[in-house]
Structures are given as C-alpha cells and as structure tokens.
Amino acid sequence: MMESQKYAIVDLETTGHSPANGDRMIQIAIVIMKDWEIERTYTKFINPGKAIPSFIQDLTHITNEDVKDSYPFEEHADYIYELLADCVFVAHNADFDLSFLQAEFKRAGLPKWQGKKMDTVELAKILFPMSLGFKLGDLAADLNIELANAHRADDDARATAELFKCCWKELLNLPQLTLEQMHKRSFRLKSNISQLFFEALQIKRQHKTSDENVHYYRNFAICNGRNKHDHASETIDYPQTVADKTALMTKALPNFEERPAQFKMMDTIWQALHEQKECVIEASTGIGKTAGYLLPAIVYARTVHKKIAISTYTSYLQEQLVEEELPKIEKILGTKVNICVLKGMQHYIDLDRFEQSMAYADESYDDTFSILQILVWLTKTETGVLSELNVSGGGQLFLEKIRKIPNDKPSKGFDFYEQALKNSAFADCIVTNHAMVLSDLVRQTPIFTQIDGWVIDEAHQFIQAAMQQDEIVFSYTQWKYIFGQIGTMEDTGLYQLFCEAAKKKQRVSMQSLQRLDAHFIRLQRAFDETIQRAAQSMQQQMKGKRASSKCTLFIEDVTLAKESFLQVSKLTQQWLDLATEAAQGFENNIEQLDKNDRYILSEWHYWIREVKIKIAEWEDIFLSSHDGSSVWLEFDVRSVPGSLHVFKKPANVTPIIEQVLAPLRKQASIVWTSGTLMVPGNERFVTRQLGISDSVEVIKLQAPPAYYAGAKAFIVTDMPDIQHVSQEEYIEAVAHAITRTVRMTEGRCFVLFTAQDMLRKTVELIQDSELLDDYMLFAQGVTGGSRMRILKSFQKFSHAVLFGTNSFWEGVDVPGDALASVIVVRLPFSSPEEPVFKARAKHLTAQGRNSFTELSLPEAIMRFKQGFGRLIRSSQDKGAFIVLDRRITSKSYGKEFIKALPPIDVKKLQLPELLKELNHWQK
C-alpha cells in the first residue's frame, strides 16, 4: 500500500436489500481519507422514486418528506463514480454497499466500478475479537466513536472512517511476531486487508521495538490484573449500625439511597459467616442484592484471613460482579480486593494445541479467521477464557479443538488454567459458577477445600445446573460428524493423513493400518443399521398420531434391539484399542516428527478421546439401567434419523446436590440467595430440592412499596377459555389482544409464551394481518440469533415487540423506557408431556404425593414471578403487566399467582376497558 493511498469510506441507506426487486438508495455518504486524515466528505439524499417503508423510516429517521425534493441516483452517478476513482472502497459490510452501488451504476448506464475493497466488519472482527457485537453501533460504543444518528449515511460513514482509523492504530500496537503470523494468513481473507497488515509490518520492522522477543501471547504471572497481594494483611471493620453503613456507602456513592432491606441482608450474612451457619435469603429486585452479599463477605474474608467463594449460574452475572459490582465495593471499603475468577478447565485455551493447529498447512477460511482473532486476543486476554472471544459458527468448531481437556501430559509452557488455580490460592474471593462447584464431586483433586464461606447467588438455578451436570445426550449428527472427521483410507479425512504420515516414517505396518480401516468401516455400518432400526420403530410408534413434525417419545415406548447396541459398543472399543496402538507406533522417536506430523498425531489423539466420550454416553443411555432418570427421544419426522437426539436426565437431583454439599457444609457457612426462592403456599419448594434443612429459616426481603409505584397488573377477563376452544381460536384471540395492546402502548412490549409452537403461530397470524407492520417484531426461535442478540436488536427500536418463551421469563434486563409492558399469554405451567417434568411428577406420585401442588403449581408461580421481574428494574420504571390467561381468575389456584406479585394494583377487566385504561395511563 502506497503511503498516499486514498480510501473512500462509503455508507448507503436504502429502501431494502435488493436492487433487483426494486429497492433503491435514499441516502449516500462518502468520506475520503488520505494519510489517515479526512480530506473531504460528500453526502446526498436520493429520491428513490417510491415510498420509503415505515420500518426503514423508523430505523433511519429518513422520511418521504426528506427525499421528495431530491434528485434520483442517475443525476449523481457520474460524480460519485469519479469520486471513487483511484480509491480503495471501504465500508462496514462492504459486500452489501458495493454490490448495491454497482447495481445502481449499471442502471445509470455506467461500467462496473473496478478497484480494491476493504470491509471494516471483517477487519474489526479480527482486531477487536472480544467485542460483544460487530454492528457499527456496537463498535462505536466500545471504541468511544461518536455516532449520534445510527443508520443515517452521513453519521455512519464518518463513524466507519473513525473505526477504520482505530483498526489501523490497533494494528500498530500488535507485537511484530503476531503481525508476521497474521500477514502470512491474511491473503485468504475476503477483502483486501492484507495490504494493511503488510504496511503495519513494514513500519514495525523499520522501528524495531522492545516487543521483538515477546511471544505472541501475554505470559501473565497473574490471572486478572486485580490479584495484587499488597493488601492481604489489611483488615476492615464491619459497619455494625445503620448510621455506620449509611456513612460508609454515602462517602463512596454520592447518590446512595438507604435501603433497610439491603442492610438487613448484610447483617444476616455477616452473622451467618461468623457462626458457620447456612442461611437462605430471597431478595427481590430493588434491594441491591449483589452489594448486600459482597460487602459482608469481603469484610469477613479480610477480618478472619479466610477465603470466600461466590457462585453464580450465568456468565452475565459473573462479568457484572467483576466488572461493575466489585469496583464499587472496593471504592466503599477503600481497598483493593484480591479476586480470582475460576471456571471449568474446558473454558480455557490450550496453548500447546493452538500452536500445533497453527503449524498445520491445510486451513479452511473459518480456521484462518479464528486463528487471526485468537492471535490478537492472546495479546489482550488476562484469563485465557475462550468465551471472551466473539467468533462465528465455523469459528466455534475451531475453538472446540483448542479447548483445555484433561490430559496426562503437563503443558510445555504457560497454562492459563493452571495459573487461575494458583491465583485462587492467594485470593480473598473466588468467583465461580454452579457447574464448577458441582464438578468438584468428580474431580480427582477437589479445588474447593479451603473455602470458609459460600455465597450461592441465583440459587434456584443450582437445581437446573445439577440437572445439566448429570444430563447425557446422544446426537446422531455428532456421531456422524466424528466419523466424517476421522474418515477412511479412501476419504480426505484425518485417517488418510495419518496413514500417509505413518507410511512415510515407516512406523506402523501397512497391515495394521488396513485392519484399522476395515474395522472402522464395519463400526460405521453397524452404527447406521442400529440407528435405522430404532428410527423404524419410532416412525411405527408415531403412525396415526396427530402431531407436529417435531416429536418426543420415551425410550420405553420404542423397541430397541439391545444386542445391536451392544455390538456397536464392542466394535467401538475394539477400534479404540487398534487406534491407540497405531498412535503408539507413530509416537516412537517423536522428536523426529516434523510440525505437520505432530499436528496430525495430536488430532488423532483428540478424536480418540472424543470417541471414548461418545461411547461412554452410548452405554449410559442405551445399555445401562434408567433408575431415577428419564430417557427420551426427540426428532423431526421429516428428517429421521438426521434429527435424532436422545436425552437422559435425573428425575430427582436432590441426592446429587446433597452429595456435593455434604463436605462443604462441614467446613463452611453457605448463603443461598436469589430474587425468586419462595412460592406462596409452598415456601420450601426450592430449599427442599437443594437439600436445605427445614430448620433453616427462609428470609424474605422485599423492596419498599414505593419501588413498584410505576407498575400495574391487568387481568383480561373476556379471553376464551383455552380448554373449551380450539388452539386456532385461542391464538386468534391472543393475536387480537396483542395487536390492540401494542398499538395502545406504542410497542416496547415483551410477550411471554410457554410453547414455541403457539408463539410461532401467533407471530405468523400477526404478520399476515399486517396490523403491526409499523412495528419491528422479534421472536425467539423465529428471528435468527442468540437471546442476547435478539434483546439488543429489540432495544434499538422504539416501536418494537419481542415474543419469547422459556429463557425470556427470567434473567433478561431491559432498562427504563425500553419496556412498557409484559403480556403473559398463558400461565407458565410445564407441559404434562415435557419429559423431565413427566419423570419428576411420576417420581412424586410413586411416593403418594400430589404432583400438581408439589411440582407443577410452584414451578409455574416461580416463572410467573420472574416474568413480572422483567418489567420493573428500578424505582423510576413504569409498566403494565397484562395476563391473558383466564385461569388466574377462574381456578382456585389463581389467587396463588396474584399473591406472588409485589404489592401493586391488580385490575380485572375486559379487553376494551383495558385499552381505555392503558390509553388514559399513557397520557
């Protein structure tokens, strides 16, 4: 790249994505940059010759009025074409902007524009691999780039130019060795950014810097910048009185509001830790739960020079603890806290495996891209935890190959996981997760033996974590994927490479390799025949049953040929013996192997381990007894056996939890806390599942009534009774109620379902009616992307509706004005046919207990409470909680749901009255 290279940073706003379907440009902006300074800008509204769709107006704030006096694109085409001459074309998602522009040039009678392009999405993904999102708005927020009006071409083009410049600076900050590794691979990328890598490398080589001998990852002696041990001897006095607490908090947090419930929580935990007791606290939204346990826990750790551990369920809360809450506590206490975040081994990168994978010559685009992201990440990460990386779907497959796995061989060099364990020995406070705590039971060397006090946050999720911990899943496609990765002598898979390397070195006889190959083919055939027979039995079972394409069957309802499953097990074990023997022959004089051969051997060992894991799961699901567990098959009748999954889950996790906690209870106090732990009429529902003695009091701490002043609950009484009408009729009524409510509240609405099928049908009906065409509709399982991506998209639009099931009932925060109402379509009872629920209900019935009052009802009430919790996240929030399910008034158990709500106004009224009420309230 010449020093005087000019860049044209371009952004377009359009009526849609396809010029071929008549979509047209409505605004164009071009920023010309040379020597990393903006030389000039060009921006114009364009008359598209058609109406701008309402959702595009909502997104861009460009109206028909704005463009009505503008010229069409043809009038600007020659000038724009000249402006781009001799420039590198740069855009955020360059493929879209350039292809749209090329189509417009063609329509205007101009030749195709010729030149190089650079995509700032591709570039930013490589250089900022830890960003939560790579949309321009997300990156601008991360990098403090001003972007006042996103989705306006002029602002977006300027922000893209600033982003491009940030990327260049970031390149220059990388160590020379990292840049060399990156440049070597950059020619495989989709846009011409290898030029930039080369330019940065030239500058590095001209100005030899002190990083010359630095490895391409930061060889940290400490895990996360916070673990300085200078303060370890400091003790802090616990603020005993209300006045002491208020003075301490106010000094550090000027806007601090005194909350009596928070102070009570602090005192309860302080006392429990000192007396080595167990305590249970339900702390509602609004009392400041996290600070309520952090302050006494950290002061206690410092006072007695012991270690405290905090366990959470979600990574989101872990990050919030470390990044936001702990700095506040440090400020309040006026001291640094020695904290270590500890995750399971599989969360960390294995640097040895990563180096081996880099040495291999044959990489896919996804592998190359992931390696580039990881090379940059390794210069920044302080933990080595792979979840810090934001990689694509193909990148996830690459990450699986470089995760840390249990291994007899010690790491050759620095190891992030080992380092985290060392750091935990010096920490005042270990932050971990429920899965890690539950895993300690099966760990060869338990980690949590030196903990003096535990705080289990999101405590109700400890039950879910225990279920997941003991869950075993068979996936047909996973087995086929593994078979495909290993391959045969005839395939282009790993086995062919293994054979070539083994023959070249003459370490394994040809006879052994052929025997191994033949055995592998026999194993695959036996596997396919076994699953095919099972699939025929499943389809036989479904004959004549009215069902959707997605089906569930319990394993006892399917005829499985046991001897056939046993044969697969035997053949797999024999193949593993032969494969291990071949690897040992290959390994003789390992120092004589070149890098490529070492990589092949490492991959061979990796897939041997994967097969061992899979056959253990196979035997557990298909060949062992199912006492105390539920085993079921899920599949789509349109693609059997491709869609087949078999699940095995425990029906009762209390014994598992008690086994894990028995040693902890002997040596430490345990504080259980959550926003949802109690159910009216069944206050021990959660604690009994956690194996907590009935003698341990459950303390309920509620925010003052004023906190919920902005909330109202409405029960719609004229909805049809779902038990007396068809599902279609009920969905029509639900769609009608939703559309009317959304139009009255102008969007900003969560609609919570209990079943994906009903959600999808309701969304389809609303879309067909076109009554909400002015609104952006986001639906879980319909709109693509993760839960967090859907949520972030929802928050960007003022006129938006989010339809969610299961995971949207809890753990989703939407601040302030972004949420005006929550609509509960059905009371969140589990489906009686849901396999785990069915197994748990059966377990209770066998003991002569009532599964409805002891399981179904309390679970539904907990979800209902969590659903309300989405609405009010601060004392300034205002929102309507609307229930469409008539059972809340017609059934005797309905009052239990209403009792579970905080002290707010609850009105029962018909839909027309509700709409009047909402209209009045809005005004």
Side-chain angles (χ1 to χ4, degrees), residues 1-14 19 24-25 27-46 71-124 126-127 136 145 152-172 179 182-183 186-206:
M1 185 190 71
M2 301 293 292
E3 198 177 325
S4 58
Q5 176 65 66
K6 275 203 302 187
Y7 299 100
I9 296 96
V10 180
D11 191 80
L12 314 178
E13 301 304 336
T14 63
R24 295 286 173 261
M25 211 180 289
Q27 192 188 19
I28 183 168
I30 303 173
V31 174
I32 302 294
M33 188 182 256
K34 187 175 172 186
D35 295 331
W36 302 103
E37 294 301 328
I38 294 173
E39 277 195 341
R40 59 171 299 192
T41 58
Y42 168 87
T43 180
K44 284 280 183 280
F45 279 130
I46 308 285
Y71 292 113
F73 179 78
E74 295 88 311
E75 298 294 321
H76 305 283
D78 288 331
Y79 184 81
I80 291 168
Y81 197 89
E82 282 303 312
L83 201 53
L84 297 179
D86 305 322
C87 288
V88 173
F89 185 98
V90 180
H92 203 67
N93 190 4
D95 281 349
F96 170 75
D97 292 273
L98 186 54
S99 63
F100 206 102
L101 200 51
Q102 297 281 34
E104 290 286 68
F105 283 149
K106 186 179 179 182
R107 208 169 54 82
L110 289 167
K112 187 176 180 180
W113 179 82
Q114 301 291 335
K116 290 183 175 175
K117 68 171 181 189
M118 292 188 187
D119 186 358
T120 51
V121 175
E122 190 174 46
L123 188 56
I126 293 167
L127 293 172
L136 186 58
I145 294 168
R152 286 293 284 259
D154 42 357
D155 280 31
D156 282 357
R158 188 172 280 275
T160 304
E162 291 299 327
L163 169 62
F164 192 43
K165 194 171 175 178
C166 284
C167 289
W168 172 246
K169 286 178 181 171
E170 197 66 19
L171 266 177
L172 293 179
L179 270 173
M182 290 171 73
H183 179 245
S186 61
F187 300 99
R188 298 173 195 166
L189 296 173
K190 289 175 181 171
S191 65
N192 304 109
I193 53 183
S194 56
Q195 273 187 242
L196 286 180
F197 291 2
F198 180 68
E199 171 81 356
L201 193 52
Q202 292 296 88
I203 291 171
K204 280 278 176 188
R205 284 170 176 160
Q206 285 162 16

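Contact of the His92 side chain with the Asp156 side chain is not registered, since no non-hydrogen atoms from C-beta on lie closer than 4.5 Å. A heavy-atom distance below 4.5 Å is found between the side chains of Tyr42 and His76. Side chains of Leu123 and Phe197 form a contact here, defined as non-hydrogen atoms less than 4.5 Å apart. Using a 4.5 Å cut-off on side-chain heavy atoms (C-beta onward), Ile32 and Cys87 make contact.
The CD1 atom of Ile203 sits 4.0 Å away from the CH2 atom of Trp168 when rounded to the nearest 0.5 Å. The CG atom of Leu127 lies 4.5 Å from the CG atom of Leu171; values are rounded to the nearest 0.5 Å. Atom CE in Met118 sits 7.5 Å away from atom OG in Ser194 (nearest 0.5 Å).
Across all non-hydrogen atoms, the minimal contact from Ala161 to Val31 is CB-CG1, 4.0 Å. In this structure, Ile46 and Pro72 approach most closely via the heavy-atom pair CG2-C, 3.9 Å. Listed here is the closest heavy atom pair of Asp119 and Ala94: OD1-N, 3.3 Å.
For residues 157-171, the set of pairs meeting the salt bridge (charged side-chain N to carboxylate O under 4.0 Å, His left out) definition, not counting sequence neighbours, comprises Glu37-Lys165, Glu170-Lys380.
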For Val10 and Leu84: C-alpha separation, side-chain torsions, deciding distance, then whether side-chain contact (heavy atoms from CB on, under 4.5 Å) applies.
CA-CA 9 Å; Val10 180; Leu84 297 179; 4.1 Å; yes
Can you list the steps and then say if Glu199 with Gln5 is a side-chain contact (heavy atoms from CB on, under 4.5 Å)?
CA-CA 11 Å; Glu199 171 81 356; Gln5 176 65 66; over 6 Å; no
With side-chain contact (heavy atoms from CB on, under 4.5 Å) as the test, would you mind laying out the steps for Ile193 and Ile126 before giving the verdict?
CA-CA 11 Å; Ile193 53 183; Ile126 293 167; 4.1 Å; yes
Stepwise side-chain contact (heavy atoms from CB on, under 4.5 Å) check, Trp113 with Leu101:
CA-CA 9 Å; Trp113 179 82; Leu101 200 51; over 6 Å; no
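Scanning for side chain to side chain contact (heavy atoms under 4.5 Å, CB included) contacts around Ala153 gives Asp11, Glu13, Gln27, Ala29, with sequence neighbours left out.
Checked options Val88, Asp95, Asp97; the residue passing with Lys117 is Asp95 (criterion: side chain to side chain contact (heavy atoms under 4.5 Å, CB included)).
Looking only at distances, no side-chain donor or acceptor of Glu122 sits under 3.5 Å from a matching main-chain atom of Leu189. Of the possible polar contacts, none joining the Lys112 side chain to the Lys106 backbone as a donor-acceptor pair under 3.5 Å is found. No donor-acceptor pair under 3.5 Å is formed between the side chain of Thr14 and the backbone N or O of Arg24.
Taking the six-membered ring where the residue is Trp, Phe187 and His183 present perpendicular rings, their angle passing 60° and hence far from 30°. Taking the six-membered ring where the residue is Trp, Phe105 and Tyr81 present perpendicular rings, their angle passing 60° and hence far from 30°.
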